[in-house]
Amino acid sequence: MLNIVIFGAPGSGKGTQSELLIRKYRLKHVSTGDLLRAEIKSGSELGKVAHQYISRGHLVPDEIVIEMLEDLIKRHSSEKGFIFDGFPRTLSQGKSLNDKLEKNGQTISTVLSLDVDDEELIDRLVKRGQLSGRSDDNEQVIKSRLSVYHEQTEPLKDFYAKQNKLVSIPGKGTVEEVFKSIEEVIDHLKNGQNG
Ligand code: B4P
């Protein structure tokens with residue numbers, strides 16, 4: 001089983017690269033951002049709460065996101081593996097993910113950290129906001145998301161480095177170039193699992 005965490009700042013290419021990964025490796029895609037946006041669209045109580053945080057560029061509280069993820073892991077226990085996209089985003093989420101996987105006799109295979117500088121991130125997200133109209137893709141909210149990333153999410157790099165799981169991927173090339181670096185890491189992992 002291959003359990004991959006795609007890690008990076010907002011706009012680093014997590015969602016973009018996940019799409020390519022699912023196609024090639026047939027893993028189950030878990031994007032907490034997509035799940036939360038679906039809840040908002042459906043008008044559910046959870047969605048109403050999530051919207052209050054997302055529209056200000058804050059993280060949705062850990063309890064909500066962890067519960068959502070727990071349900072999903074249970075429902076898809078027989079898959080080939082997961083791509084966790086945008087989860088974990090806090091140390092508490094990271095510890096919880098390790099626990100949940102361990103309970104099912106699984107572990108995280110690798111954490112791919114997409115490294116892109118803040119200037120490029122702001123540029124990408126402002127452009128996406130102009131096309132998609134996503135309410136959290138405007139410059140003021142983007143800056144808040146970036147500072148939340150540096151304060152609450154980036155410490156996870158150290159958490160995974162200590163477990164020898166962290167692999168840094170230069171995230172600034174074209175989508176294809178970034179994917180090529182990712183493929184190399186995963187193919188190497190898969191060969192190790194088979195051999
Ligand atoms: P997410 O949906 O995870 O959104 P994101 O961080 O902006 O990244 P995304 O994956 O969508 O974009 P990508 O980098 O691929 O989260 C949204 C919000 O939900 C969070 O701010 C938070 O409030 C909440 N949330 C989600 N998960 C949570 C959790 N676990 N805990 C608490 N709260 C949570 O792409 C960005 C743009 O760059 C695209 O337009 C793309 O086309 C472009 N791009 C990608 N790769 C490129 C490249 N190589 N070159 C040029 N452009 C590129």
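In listed order, ligands and their atoms are each counted from 1. Quick note: numbers below take in every heavy atom, side chains included, and nothing from hydrogens, waters or symmetry partners. Keep in mind it's a predicted model, so treat the numbers as computed, not measured.
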Closest protein heavy atom (residue, atom, distance) for atom 22 (C) of ligand 1:
H58 O, 3.8 Å

With heavy atoms of Q93 as the reference, note each atom of ligand 1 found under 4.0 Å away.
29 (C), 30 (N), 31 (N), 32 (C)

Of all protein heavy atoms, the one nearest atom 48 (C) of ligand 1 is R124 NH2, 3.3 Å

Checking contacts here: is it the side chain or the backbone of R37 that comes within 4.0 Å of ligand 1, counting heavy atoms only? Could be both or neither.
side chain

Side chain, backbone, both or neither: which applies to R145 and ligand 1 if a contact is any heavy-atom pair less than 4.0 Å apart?
side chain

Counting heavy atoms under 4.0 Å, the part of V65 that contacts ligand 1 is side chain

List the closest protein heavy-atom neighbour of atom 49 (N) of ligand 1: residue, atom name, distance to the nearest 0.1 Å.
G173 O, 3.0 Å

Does E139 pair with K143 as a salt bridge, N-O distance under 4.0 Å?
yes

Looking only at protein heavy atoms, which one is nearest to atom 29 (C) of ligand 1, and what is the separation?
R89 CD, 3.5 Å

Are side-chain heavy atoms of I6 and L114 found at a separation under 4.5 Å?
yes

L36 contact mode with ligand 1 (heavy-atom cut-off under 4.0 Å):
side chain

Which of the ligand 1 atoms, numbered from 1, are nearer than 4.0 Å to a heavy atom of I54:
19 (O), 23 (O), 24 (C)

Ligand 1 versus R134: contacting region, heavy-atom distance under 4.0 Å
side chain

E39 and S44: side-chain donor and acceptor closer than 3.5 Å?
yes

Would you mind reporting whether D187 and K24 have side-chain heavy atoms less than 4.5 Å apart?
yes

Here the gap from T107 atom OG1 to L97 atom CG, rounded to the nearest 0.5 Å, amounts to 9.0 Å

Pairing residues for F87 by the ring pair (Phe, Tyr, Trp, His ring centres under 6.0 Å) criterion, not counting sequence neighbours:
none

Show me which atoms of ligand 1 lie under 4.0 Å from any heavy atom of G86.
27 (N), 28 (C), 29 (C), 30 (N)

Tell me which part of S12 gets within contact of ligand 1: side chain, backbone, both or neither, using heavy atoms under 4.0 Å.
backbone

Where on K172 is there a heavy atom closer than 4.0 Å to ligand 1, on the side chain, on the backbone, on both, or on neither?
neither

